[in-house]
**Student:** 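Supplied in structure tokens, the structure appears directly below.
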Amino acid sequence: MIIAVDGPAAAGKGTLARALAAHYGYHFLDTGSLYRMVALAVLSLGQDPRDPQAATRAAETLDPRSWTAEALRDESVGQAASIVAAFPPVRTALLALQRNFAAQKPGAVLDGRDIGTVVCPEAEAKIFVTASPEVRARRRSAELAERGETVAYEDVLADIHERDARDRTRSFAPLVPAGDAHVLDTTDLDISAAVAAAIRFVDSRVAKHSA
Ligand code: DC
């Protein structure tokens, strides 16, 4: 069983995907961390994330043990991740790892941008989580403030617009809902309501799948 949770930056994918994994007892992978890892590796070497060769080298030699690095969540790393993620060889280098993770029993929940369209098009349940840019900017600002990173709301909103545009318009694996994805707009939902709606949807897919 594979649950794909895709959507734009700060839509609440991570929280939702983690809650689904806990509810069903499945493995969980935040695939954005992989792209953030690649970006962080490039930045730590003093290289430019816009350099396709540097980004590809970092992706091909990725050491997943550094996944937990606190610096991965920095805004600058998120922006750089969105830049390296547009290079096809970077995406290709990370594909096998994601697919192997998804194949684990009894099931896996992966969150990202292209899980339902490219990484696991066969996923039994696909959710596309979205929310207005303003609500996402507010949530991201609160999350950053909690981590002690003070960024003005306007800057976070501008960052979200920029990242949305880049993730949606890249030619390889752009951010787009899969044709069979359930679109979950969390603009007016709190976390528990969003999780409840997602569980209802996944249960309906499981019932359909085992019928
Ligand atoms: O979900 P996130 O904000 O941690 O992701 C950081 C960037 O990584 C995002 O702007 C685009 C990229 N990404 C991607 O292209 N494909 C994924 N499956 C996950 C993330």
Side-chain angles (χ1 to χ4, degrees), residues 2-18 20-21 28-43 49-50 52 55-56 58-59 62 64 66-102 108-121 123 126-131 133 135-137 139-144 147 149 151 156-178 181 186:
I2 300 174
I3 304 175
V5 180
D6 289 305
K13 301 182 300 291
T15 310
L16 196 73
R18 261 190 201 89
L20 287 173
F28 166 68
L29 180 63
D30 161 15
T31 65
S33 291
L34 302 178
Y35 293 92
R36 285 171 182 264
M37 273 292 323
V38 172
L40 189 58
V42 171
L43 294 171
R50 287 166 301 185
T56 303
L62 181 74
S66 18
W67 279 0
T68 51
E70 178 66 12
L72 287 185
R73 304 312 310 165
D74 287 356
E75 267 311 90
S76 55
V77 177
Q79 273 288 355
S82 164
I83 294 171
V84 300
F87 298 129
V90 168
R91 307 198 69 84
T92 304
L94 301 179
L95 209 47
L97 197 154
Q98 295 174 82
R99 287 186 175 152
N100 289 340
F101 188 95
V109 184
L110 286 81
D111 88 59
R113 301 290 188 289
D114 62 337
I115 308 303
T117 50
V118 175
V119 178
C120 304
K126 301 179 185 177
I127 302 175
F128 191 86
V129 191
T130 185
V135 164
R136 289 189 280 131
R139 289 178 188 160
R140 179 53 56 88
S141 300
E143 186 191 318
L144 290 170
R147 300 184 49 229
E149 214 185 317
V151 187
V156 177
L157 183 61
D159 177 278
I160 279 187
H161 280 305
E162 194 183 323
R163 209 121 76 82
D164 280 1
R166 199 184 298 117
D167 293 348
R168 285 192 170 121
T169 58
R170 68 181 175 223
S171 47
F172 197 68
L175 169 67
V176 57
T186 67

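In each ligand, atom 1 is the first atom listed, and ligand 1 is the first ligand listed. Only heavy atoms go into these numbers, but all of them, side chains included; no hydrogens, no water, no symmetry mates.
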**Student:** Just wondering, are more than 12 heavy atoms of other shown residues or ligands nearer than 6.0 Å to CZ in R99?
**Tutor:** yes
**Student:** Under 4.0 Å from any heavy atom of G32, which atoms of ligand 1 are there?
**Tutor:** 4 (O), 5 (O), 19 (C), 20 (C)
**Student:** Atom 15 (O) of ligand 1: which of K13, R91, R113 has the nearest heavy atom?
**Tutor:** R91
**Student:** Using a strict cut-off of 4.0 Å, indicate which atoms of ligand 1 neighbour a heavy atom of D167.
**Tutor:** 9 (C), 10 (O), 11 (C)
**Student:** With a 4.0 Å cut-off on N to O distance, would you call D111 and R18 a salt bridge?
**Tutor:**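 No.
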**Student:** Which bit of R140 is near ligand 1, meaning a heavy atom under 4.0 Å away: side chain, backbone, both or neither?
**Tutor:**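 Looking at R140 and ligand 1, no heavy atom falls under 4.0 Å.
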**Student:** Could you find the nearest protein heavy atom to atom 19 (C) of ligand 1 and give me its residue, atom name and distance?
**Tutor:** T31 OG1, 3.4 Å
**Student:** Suppose I only count heavy atoms of A85 and a 4.0 Å limit; which atoms of ligand 1 are within that range?
**Tutor:** 12 (C), 15 (O)
**Student:** Among the heavy atoms of R166, does any lie under 4.0 Å from an atom of ligand 1?
**Tutor:** no
**Student:** Heavy-atom contacts with S82 under 4.0 Å: which atoms of ligand 1 show up? List them by number with element.
**Tutor:** 7 (C), 10 (O)
**Student:** Side-chain contact, heavy-atom cut-off 4.5 Å: R113 with K13?
**Tutor:** yes
**Student:** Is the shortest side-chain N to carboxylate O distance from E162 to R166 below 4.0 Å?
**Tutor:**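 The answer is yes: the pair qualifies as a salt bridge.
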**Student:** Tell me the protein heavy atom at minimum distance from atom 6 (C) of ligand 1, and give that distance in Å.
**Tutor:** R163 NH1, 3.6 Å
**Student:** Does T15 form a side-chain hydrogen bond (donor to acceptor under 3.5 Å, both in side chains) with R139? I'd like the steps, not just the answer.
**Tutor:** CA-CA 12 Å; T15 310; R139 289 178 188 160; over 6 Å; no
**Student:** Any nitrogen or oxygen of S33, main chain or side chain, under 3.5 Å from a nitrogen or oxygen of ligand 1?
**Tutor:** no
**Student:** Checking the side chain of K126 only, and the main-chain atoms of C120 only, is there a donor and an acceptor separated by less than 3.5 Å?
**Tutor:** no
**Student:** State whether D30 and R36 are salt-bridged, where the test is any N-O pair (Lys NZ or Arg NE/NH1/NH2 against Asp/Glu carboxylate O) under 4.0 Å.
**Tutor:** no
**Student:** Considering only the protein, which heavy-atom contact is closest to atom 4 (O) of ligand 1, and what is its distance?
**Tutor:**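 Nearest protein contact, heavy atoms only, for atom 4 (O) of ligand 1 is R36 NE, 2.6 Å.
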**Student:** Taking 4.0 angstrom as the limit and counting only heavy atoms of A81, give me the atoms of ligand 1 inside it, by number and element.
**Tutor:** 6 (C), 7 (C), 8 (O)
**Student:** May I ask you to identify the nearest protein heavy atom to atom 8 (O) of ligand 1, giving residue, atom name and distance to one decimal place in Å?
**Tutor:**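 Scanning the protein heavy atoms, the shortest distance from atom 8 (O) of ligand 1 goes to Y35 CB, 3.5 Å.
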**Student:** As a test of understanding, state which of L43, V77, V84 forms a side-chain contact (heavy atoms from CB on, under 4.5 Å) with V38.
**Tutor:**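 Between V38 and the candidates, side-chain contact (heavy atoms from CB on, under 4.5 Å) is satisfied uniquely by V84.
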**Student:** List the steps and the verdict of salt bridge (Lys or Arg N to Asp or Glu O under 4.0 Å) for R140 and D159.
**Tutor:** CA-CA 10 Å; R140 179 53 56 88; D159 177 278; 5.5 Å; no
